[in-house]
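For clarity, every value in this text was computed on a predicted model and none was experimentally measured.
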Amino acid sequence: MNTRIIFVTGGVASALGKGIVASSLGRLLKSRGLKVSMQKMDPYLNMDPGTMNPYQHGEVFVTADGAETDLDLGHYERFIDEPLSQLSTITTGRIMWDLFEKQRQGDFNGETIQIVPHVTNRIKQAIFDNIHANGADIHIVEIGGTVGDIEGQPYLEALRQFQWEVGRENCFFVHLTLVPYLEAAGEAKTKPTQHSVNTLQGMGIQPDIVVCRTSHSLSPEQKQKIANFCNLKLSHVLESPDAETIYEVPLILHQQGIDDIVTETFSIQTPPADLSNWKQIVQNIKEPVKEVNIALVGKYIELHDAYLSIVESLTHAGAAYQSKVNIHWVQAEDVTPETAEDMLAAMDGILLPGGFGKRGIEGKILAAQFARTHKVPLLGICYGMHMVVIEFARNVLGWKDANTSEVDEQTTHPVIDLMADQNNITQMGGTMRLGQYPCKLEPGTKTYAAYGEPEVMERHRHRYEFNNKYRQDFIDAGMVIAGVNPQRDLVEIVELKDHPWFVAGQFHPEFLSRPNRPHPLFAGFIDAALKQR
């Protein structure tokens, strides 16, 4: 097998940033000329995050082929700048579903289905499937959760078997662990890391590198203690300190030689990492020369991970203009006719993100009205586009009861309506319009100028669409249809002519934004907001 595999596990506590460390390593190896692919394995029993509450899971990231995935896949794509797929994500729920279907079809010839070997074999097969599909030089696999979790044990057992099946020399294990700093004692404690690695070793896995997540720099003595008790070279004990921006993490790990350790272990000859462009991006983020204030009007504002890709896309666009984007988190339910002026007047731009359901929509509609009437740059995304269309219908066309049929089935003007192919669908998970679709742009529009090309591909996740029954009414009243799906003539983008920037799309542009290549709509939005300022 030509592909080398890197496994990333975590210990002591969750939310330490395994996805960022894995993505950073992928960025470094790609910068050395290697082809990199990535994969996330989540031990939870859900089929995918598609129907999970954002408060528990954050945003749902969508791949080009329509997989609803963990938000870490967004980090993977942003860092390694490679499109991922259905094969890039697997959950225990998906594994169990596959096994149950095979059992019902008689594929097991009456065998008893067990965790070992059936579940572990399916986990290994998921890794092999991705390797064969991508043919990468390096395949990075992140295991969700922490070592010691009951639900994660089958994955570690699968990894233990995998390393010997493909040859231990073809596998590399990175273990991210917390080294807590006790303020009362005035020192960092390495014992939790020792226990975490000991648990991993008890599962038959010896990490090649331990990355210590810490808020305080470790002393040489502390690193030596970790090395001694974790059966490692001192140089293989690294730190991942708190960073000003996640895009600085590759540079921090590179300074400690993580990519050198990996390539030397695998006996791979590569040129040094070319990080010049990446360093410039980090510098632009850390040392902005301008700033801009953006109101993000949503209903999950206390949970920023619900809008993670949007936040990162704003960062990318800001960096391109050497500007700091100050996001003002505005609870949509708090925007009323009495409060809108106070909450939005100081903003240089207003962003209406995606979402579902009735809660907060009147506030979003008011925000759209404020942006339209006060000439404040606006970017609407998916449900945000729906709010823009409803506001225009109510206040320009005069249809006071205009709404989306998702919220009001009795409205006499359902300007946003259920897509035809969504009728009679009863299952919620994996049944929306998902994945990448083409969009033909209208010449002479701000949208066309931003993209600079006549047709683009964008990723979708929705059930409801602009109702073409009212299309001519909107056009006659001054709304511009800036982009349509050429296959089904669906309205994908709307904008206003006599406005600095008032653009809303049915899709999710945030999924295609990259640190070195901000999405055109986010770049155009921030450019307009800077000019507004």
Using atom types as modelled and distance alone, determine if a side-chain donor or acceptor of [X] lies under 3.5 Å from a backbone N or O of [Y].
X      : Y      : value
Asp137 : Lys35  : yes
Asp70  : Asp72  : yes
Asn485 : Gln487 : yes
Lys446 : His499 : yes
Thr69  : Phe61  : yes
His374 : Val376 : no

Non-hydrogen side-chain atoms of [X] and [Y] separated by less than 4.5 Å:
X      : Y      : answer
Met38  : Ile80  : yes
Ile138 : Phe172 : no
Phe79  : Ser24  : yes
Val21  : Leu253 : yes
Gln322 : Glu287 : no
Ile526 : Ile294 : yes
Leu296 : Tyr307 : yes
Asn516 : Trp278 : no

The single option from Glu68, Glu510, Glu59 passing salt bridge (charged side-chain N to carboxylate O under 4.0 Å, His left out) against Arg461:
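Testing Arg461 for a salt bridge (charged side-chain N to carboxylate O under 4.0 Å, His left out) against Glu68, Glu510, Glu59 leaves exactly one candidate, Glu68.
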What residue among Arg514, Arg517, Arg27 forms salt bridge (charged side-chain N to carboxylate O under 4.0 Å, His left out) with Glu77?
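Only one of Arg514, Arg517, Arg27 forms a salt bridge (charged side-chain N to carboxylate O under 4.0 Å, His left out) with Glu77, namely Arg514.
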When the aromatic ring centroids of [X] and [Y] are compared, is their separation below 6.0 Å?
X      : Y      : answer
His460 : Phe511 : no
Trp329 : Tyr300 : no
Phe507 : Tyr437 : no

From [X] [atom1] over to [Y] [atom2], what is the distance, rounded to the nearest 0.5 angstrom?
X      : Y      : atom1 : atom2 : answer
Ile390 : Glu362 : CD1   : CD    : 8.0 Å
Ile20  : Leu25  : CD1   : CG    : 13.0 Å
Glu338 : Leu366 : CD    : CG    : 9.0 Å
Leu29  : Ile140 : CG    : CD1   : 5.5 Å
Asp408 : Asn403 : CG    : CG    : 5.0 Å
Ser37  : Ile131 : OG    : CD1   : 7.0 Å

Qualifying side-chain hydrogen bond (donor to acceptor under 3.5 Å, both in side chains) pairs, either residue in residues 244-258, two or more places apart:
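Pairs touching residues 244-258 that pass the test: Tyr247-Glu312, Tyr247-His316, Glu248-Lys286, His254-Asp259.
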So Tyr383 and His386, would you call those rings parallel, tilted or perpendicular, with 30° and 60° as cut-offs?
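Correct class here is perpendicular.
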Does NZ in Lys497 sit with more than 12 non-hydrogen atoms of other residues, nucleotides or ligands closer than 6.0 Å?
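At most 12 heavy atoms, drawn from other residues, nucleotides or ligands, come within 6.0 Å of this atom.
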Using a strict threshold of under 4.0 Å (side-chain N to carboxylate O), is an ion pair present between [Y] and [X]?
X      : Y      : answer
Arg433 : Glu492 : yes
Lys364 : Glu391 : no
Arg471 : Asp489 : yes
Asp498 : Lys375 : no
Lys40  : Asp42  : yes
Arg359 : Glu333 : yes
Glu406 : Arg463 : no

Closest non-hydrogen atom pair, [X] against [Y]:
X      : Y      : value
Pro288 : Ser323 : CB-C, 3.8 Å
Tyr451 : Pro520 : CD2-CG, 3.8 Å
Val36  : Gly26  : CG2-O, 3.8 Å
Ser88  : Leu84  : OG-CB, 3.4 Å
Ala504 : Val388 : CB-CG2, 4.1 Å
Ala13  : Leu178 : CB-CD2, 4.3 Å

Is there a side chain to side chain donor-acceptor pair (under 3.5 Å) between Gln39 and His139? Walk through the geometry before answering.
CA-CA 8 Å; Gln39 186 174 25; His139 182 56; 2.8 Å; yes
Worked verdict on Thr263 versus Arg32 for side-chain contact (heavy atoms from CB on, under 4.5 Å)
CA-CA 10 Å; Thr263 53; Arg32 298 184 73 136; 3.9 Å; yes
Row check, Tyr76 ring normal vs Arg78 NZ/CZ: under 6.0 Å, within 45°:
no
Just by distance, no angles: are the side chains of [X] and [Y] close enough, under 3.5 Å, to form a donor-acceptor pair?
X      : Y      : result
His75  : Ser23  : no
Asp348 : Gln532 : no
Asp417 : Ser405 : yes
His175 : Thr9   : yes
Asp274 : Ser276 : yes
Glu495 : Thr447 : yes

Step-by-step side-chain contact (heavy atoms from CB on, under 4.5 Å) determination, Ile381 to His508:
CA-CA 6 Å; Ile381 296 173; His508 289 267; 3.8 Å; yes
Run the numbers on Asp242 and Arg213 for salt bridge (charged side-chain N to carboxylate O under 4.0 Å, His left out), then give the verdict.
CA-CA 8 Å; Asp242 295 341; Arg213 187 77 171 84; 2.7 Å; yes
Test of understanding: with side chain to side chain contact (heavy atoms under 4.5 Å, CB included), list the residues that count as partners of Asp149, not counting sequence neighbours.
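So Asp149 forms a side chain to side chain contact (heavy atoms under 4.5 Å, CB included) with Thr146, Glu151.
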Let me see the working for Phe7 and Ile127 under side-chain contact (heavy atoms from CB on, under 4.5 Å), right down to the final yes or no.
CA-CA 11 Å; Phe7 295 107; Ile127 299 171; 3.9 Å; yes
Apply side-chain contact (heavy atoms from CB on, under 4.5 Å) to residues Asp334 and Met343 and explain how you reach the verdict.
CA-CA 9 Å; Asp334 294 340; Met343 299 182 80; 3.9 Å; yes
